[in-house]
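So you know, we letter chains A, B, ... as the sequences are listed, proteins then strands, and number each from 1.
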There are 2 protein chains.
Amino acid sequence: MPTTPPAPRWRRRSDARPQELLDAALETFVERGYAATNMDEIARRAGVSKGTLYLYYPGKAELLKAVVRQSLLGNLAEAQTLASAHSGTFRELLNYFLGEFTRRISRTNISGIPKLILAESGNFPEIAQFYFDEVIQRARKLITDILRQGIACGEFRPVDPDYAWRMIVAPLVLGVLWKHTFQPFEPDGLDFDRYLDCQLDMLAHGLVASEVPVGRNTP
Amino acid sequence: MPTTPPAPRWRRRSDARPQELLDAALETFVERGYAATNMDEIARRAGVSKGTLYLYYPGKAELLKAVVRQSLLGNLAEAQTLASAHSGTFRELLNYFLGEFTRRISRTNISGIPKLILAESGNFPEIAQFYFDEVIQRARKLITDILRQGIACGEFRPVDPDYAWRMIVAPLVLGVLWKHTFQPFEPDGLDFDRYLDCQLDMLAHGLVASEVPVGRNTP
DNA sequence: GTTAATTAACTAACCAGTCAGTTATATATG
DNA sequence: CATATATAACTGACTGGTTAGTTAATTAAC
């Protein structure tokens, strides 16, 4: 009786491994947090032994950095090219960004990264600094630019852009954190479509100049 | 030559200790996160040995719970009595809450608790559930009630209270997280007064019905 | 057969929690 | 008031378990 050749205990996948390992690491870090995640678990999820993990990434901290960089850099570049190529009103542009962001929150689990950064900012000032410089500062510039231009051309009320940008971002941040923290406790989860509608509605009627504010602008 | 009696190596402070230990624990947990905090460090900050710490709290997890409970319960009760005793418009009440909250964010370091909860929700479902039930649900009810009443009496635009409450809370949450995460990286820190002004301005003009919305409400 | 990829067993460090012993303070006694 | 005794508060060295990181042996692949 011819025995079928036994399946090999493992396969060489040196090209696919890095991404597989990053995926497993992201998943585990987001679920458990940095400190409570152990390298054996990440390796196990990637279907690999711990030694292999160390073959591709020199340590736990470096692995975290790789995860963060890899997850964010693509989206950042994309947002920036989109902004520079826009036509139409600034309100439309803003709405588009918020919509796209919300859509991605609800689908991918890259949305776990901000929570991870927050949680570990004290222990990884280097990562926090990276996130501050590369993500937050860019987002700030993107939005304050839109606000300033919109105000200049009379589309928006004259708010303080250096503070107002946070009001725009805040619901997005809250949404992300909610999804990865309290979603499990809610019987019926957050409806991101309604969430977005509500935000756009409230945001617009706080920004749009055509509504004739009540006695505030007295030029 | 009369030798001055040597200062005692330690003093008995059985009544003050519990609070001192909680303070040190809050500070350390907020700064480092739960897992990266070690009991020796907390004891050291409280000026005490690790053994003493275990005399007052049975373990690390229990210490965290004690910190959270102790920090929140007082403020919660206060908010609720305030709400039930209000007179004046609902907009004033809302503004008062936001102002009071913002003022406390900028002063105390209880504001580190939400960050702590977020970071450890995965590892301490029990604490996350406690926070969800006792803090979030109460805040939600408080705000949605105000919104509903305000809408009913025509003071506010007819927004969706079940989602709009998050838009109100979001900037507060962002402020808290910012303070404990990115404040160190900013040359000039967040000005919480301007922050509040900006929020109230944008919030009001998204909520106040007298502004005659642009073609949305078609009764 | 050679080599690169992978494994699994190992080491070294760290830390939560314990406990036998020490010291400050309160109380009793003369 | 001085001194002895009792006890509550506190210390710090130790233990057991966990885990980041290493390495010698093994296996797939060409």
Practice prompt. State whether the side chain of A:Y57 and the backbone N or O of A:P18 hold a donor-acceptor pair below 3.5 Å, judged by distance alone.
Written response: yes

Fill in: Sugar-phosphate, base or nothing in reach of B:Y56, heavy atoms under 4.0 Å
sugar-phosphate

Item to complete: Taking only the side-chain heavy atoms of B:V48 (C-beta and beyond), determine which of D:dT11, C:dT7, D:dA20 contains the nearest atom.
Response: D:dT11

Worksheet item: Roughly how many Å is it from CG in B:N38 to C1' in C:dA13, rounded to a whole number?
Response: 13 Å

Worksheet item: Over how many whole Å does the gap from A:Y57 atom OH to D:dT22 atom P extend?
Response: 17 Å

Fill in: Value in whole Å for how far the P atom of C:dA5 lies from CG of A:L53
15 Å

Item to complete: Flag yes if more than 12 heavy atoms outside B:Q183 fall under 6.0 Å of its CD atom; otherwise flag no.
Response: yes

Worksheet item: Which one, D:dC10, C:dA8, C:dA5, comes nearest to the side chain of A:L55?
Response: C:dA5

Worksheet item: Quick one: A:D40 CG to C:dC10 C1', roughly how many Å, whole number?
Response: 13 Å

Item to complete: Can you tell me the distance, in whole Å, between the CE atom of A:M39 and the P atom of D:dA20?
Response: 7 Å

Worksheet item: Should the pair A:R140-B:E186 be classified as a salt bridge under the 4.0 Å nitrogen-to-oxygen rule?
Response: yes

Discussion item. Rounded to whole Å, how long is the line connecting atom CG of A:L21 with atom C1' of C:dT6?
Written reply: 12 Å

Item to complete: Figure out the OH/C1' separation between B:Y54 and D:dA9, and round it to whole Å.
Response: 18 Å

Worksheet item: Checking only heavy atoms, does the side chain of B:K50 share a donor-acceptor pair with the base of C:dG17 at less than 3.5 Å?
Response: yes

Worksheet item: Passes side chain to side chain donor-acceptor pair (under 3.5 Å), A:Q149 versus A:D145? Steps please.
Response: CA-CA 6 Å; A:Q149 291 175 285; A:D145 280 353; over 6 Å; no

Worksheet item: Rounding to a whole Å, what distance do you find between A:I42:CD1 and D:dT19:P?
Response: 12 Å

Worksheet item: Looking at B:R11, does any N or O in its side chain come under 4.0 Å of the phosphate oxygens OP1/OP2 on D:dA9?
Response: no

Discussion item. Just N and O in the side chain of B:T52: are any of them under 4.0 Å from OP1 or OP2 of D:dT11?
Written reply: yes

Item to complete: Report the residue (B:G47 or A:G51) whose heavy-atom-nearest nucleotide on DNA chain D is the more 5′ of the two.
Response: B:G47

Discussion item. Treating A:R138 as the side-chain partner and A:E134 as the backbone partner, does any N or O pair qualify as donor plus acceptor under 3.5 Å?
Written reply: yes

